[in-house]
**Q** 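Take a look at the following structure, please.
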Amino acid sequence: MSVTAKTSDDKKTVDICVAEQFDYSAHQSFREAYRFVDQPGAMFRVDLSKATYMDSSALGMILLLKEHADSLSGKVVLAKPNPAVHKILSIAKFDQFVTIEA
Amino acid sequence: MLCGKKTLAGLVIGGALLLAMAQLLPVPQIIVWIAIAAVLAGGIGLVREPKVERPAKSEVQAVAPEHVDGELQHAMEELSQTLTHEALIVNQEIARVDALIKEAVVLMSDSFHSLHGLTSQQSELTAQIITRTEEEESHGSSEEFNIQMFINETGSILDQFVQVMVNVSKNSLETVHYIDDMVEKLDGIFSLIENVEGLASQTNLLALNASIEAARAGEAGRGFAVVADEVRTLSVNSGDLNNKIREEMASARATIETLRSTVSGMAATDLSDTIGTKEKMTEMLAFMASNGEFMNSKVTEISQLSMQIDSTVDNAVRSLQFEDIASQALNSMEHNVNSLNEIATLVDDMTTAEGNLDTAATLRCQHRCEELRVTAQTRNEARTVAQNDMDEGEIELF
């Protein structure tokens, strides 16, 4: 699986870890990671530390996750992007509406 | 006595030689003066010598006390001629130097004048460059082509492009998700169709059983057998219908698969090129900014340089005052040369045609020499005070 997800016991926090290639091939498993989380105020933490490549569909996935989180009044946090991935995020201006943790 | 005479004659001849050399070589004025002074001193000494020593001489040579020594007379004639000759050459040279200086000064003044014009043109040009860059920086001159603005616009268009791309990806993914959901529903319908198929085959079986029972009943079951047959036909028909539905559903599913892959194609776009372009543009903007700064500072330096050139030219023009001083110096040299001429005449008069010493003429010469020396000293002192400093007073370019 290109995406592994771990939901905390209280279902309040979902840790999503993506593989090296964060692209279209990951979309189904990425969706499955959050699709059935309906706890209000849930926090989705996407661990990008392994990712070395990201295309526009990855950005689309993050946007869809954000929409899902917004519908639950939840929050999305992008964690540990490497410099190249961080560059993509800032060029798409994601840093303006998603929290990015170093 | 004789020895002293020889020294003085040597002084005269040495001075004359020095003067002659001064004509040939471009030596400083001071050497010319030294030479003239030597000639004068030697000449005067020679003239004075006999007078001072006369009593002793008359004691030794009782015969013809007024008779001038042949050697001395010859020397005095030479002295007079040399003085006249040298004075003539010095005068010639003075006239030549004066003309040369005047000509050179006119030329130099002209070239400094045109240099001044050129530097002011240069300053004007640099000033224009500075004003123009400042204008461009301050209000970006909307009508004119502005590279910085162009790059900024391109940058914002690129940003929009990235936004559009991300949105397309998002919408495509959403569509794919919906298609996935639809495919799930379709799979549900397939299992329902299988259920319906099960019902049909059971009905078929039931109709078969019914027709068997009808056959066993004989004549009485004949009508029922017809009904059972009809039911069986219906079950077969519904089975066919189910198969058709399944086929249609399968083809719909294939279409949906095609749709899914098409939409997937829209979802993924590589961003590397966009990122590369964006970085290049940022670099270009930085380069342009630094380039502009560099140009500005250098142009400012150039304009400062032209100011310095201007002041240097002013200094040079001021230095052209040397013409005045030089012609004054040459003028006073003419005085001295005239004195030399006069002395030459006086020295010539000191001996009579018979070779005797004219006492009255000698005295006259002595007095005149003293007078001339005093005049020359006074004039020299006045000159050194007046002409030492060329920097005094500024000169404005005309």
**Q** Quick one: CG on D180(B) to CD on Q28(A), what's the gap to the nearest 0.5 Å?
**A**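 Separation between the atoms: 5.0 Å.
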**Q** For the candidates M266(B), H177(B), E279(B), which exhibits the highest count of non-hydrogen atom pairs separated by less than 4.5 Å from chain A?
**A**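 Top count of heavy-atom pairs under 4.5 Å with chain A: H177(B).
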**Q** Does S56(A) use its side chain to pair, donor to acceptor, with the backbone of A267(B) at less than 3.5 Å?
**A**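 Side chain of S56(A) to backbone of A267(B), a donor-acceptor pair under 3.5 Å: yes, one is there.
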**Q** Crowded around E20(A) CD? As in, over 12 foreign heavy atoms under 6.0 Å?
**A**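 Open: at most 12 neighbouring heavy atoms sit under 6.0 Å from CD of E20(A).
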**Q** Taking CZ in F97(A) as the centre, count heavy atoms belonging to other residues, nucleotides or ligands within less than 6.0 Å. Is the count above 12?
**A**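 Yes, because the 6.0 Å sphere around CZ of F97(A) holds more than 12 heavy atoms from other groups.
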**Q** Is V176(B) in contact with chain A via its backbone, its side chain, both, or neither, using a 4.5 Å heavy-atom distance?
**A**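 Only the side chain of V176(B) comes within 4.5 Å of chain A.
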**Q** Counting only heavy atoms from other residues, nucleotides and ligands, does the tally under 6.0 Å from NZ of K66(A) exceed 12?
**A**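 Yes, NZ of K66(A) has more than 12 neighbouring heavy atoms, counting only those of other groups under 6.0 Å.
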**Q** So, taking the atom named CZ in R31(A) and the one named CG in D181(B), what distance separates them when rounded to the nearest 0.5 Å?
**A**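 Between atom CZ of R31(A) and atom CG of D181(B) there are 4.5 Å.
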**Q** When rounded to the nearest 0.5 angstrom, what distance separates CG in D159(B) from NZ in K93(A)?
**A**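 Result: 3.5 Å between the selected atoms.
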**Q** So for atom CZ, which belongs to F224(B), do other residues, nucleotides or ligands contribute more than 12 heavy atoms lying within a distance under 6.0 Å?
**A**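 Open.
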**Q** What is the minimum heavy-atom distance between S57(A) and S169(B), and which atoms define it?
**A**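 Closest pair (atom of S57(A), atom of S169(B), distance): N-OG, 3.7 Å.
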**Q** Shortest non-hydrogen contact from Y24(A) to R260(B)?
**A**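 Residues Y24(A) and R260(B), closest heavy atoms: OH-O, 4.5 Å.
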**Q** What is the minimum heavy-atom distance between D55(A) and A268(B), and which atoms define it?
**A**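 So the minimum-distance heavy-atom pair works out to OD2-CB, 3.4 Å.
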**Q** Under a 4.5 Å heavy-atom cut-off, does chain A meet the side chain of E174(B), its backbone, both or neither?
**A**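 Both parts, heavy atoms under 4.5 Å.
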**Q** How long is the straight-line distance from CD of Q163(B) back to CG of L59(A), given to the nearest 0.5 Å?
**A**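 The distance works out to 9.5 Å.
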**Q** Is it the side chain or the backbone of N171(B) that comes within 4.5 Å of chain A heavy atoms, both, or neither?
**A**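 Neither part, no heavy atoms under 4.5 Å.
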**Q** For atom CE of M284(B), is the number of surrounding heavy atoms from other residues, nucleotides or ligands below 6.0 Å larger than 12?
**A**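 Result for CE/M284(B): open.
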**Q** Can you tell me which portion of D270(B) sits under 4.5 Å from chain A's heavy atoms? Options are side chain, backbone, both or neither.
**A**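 Both backbone and side chain.
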**Q** When you look at L271(B) and I91(A), which way does the side chain to side chain contact (heavy atoms under 4.5 Å, CB included) test go after all the steps?
**A** CA-CA 10 Å; L271(B) 291 170; I91(A) 279 176; over 6 Å; no
**Q** Is the NZ atom of K6(A) crowded by more than 12 outside heavy atoms at less than 6.0 Å?
**A**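 Incorrect, the count does not exceed 12.
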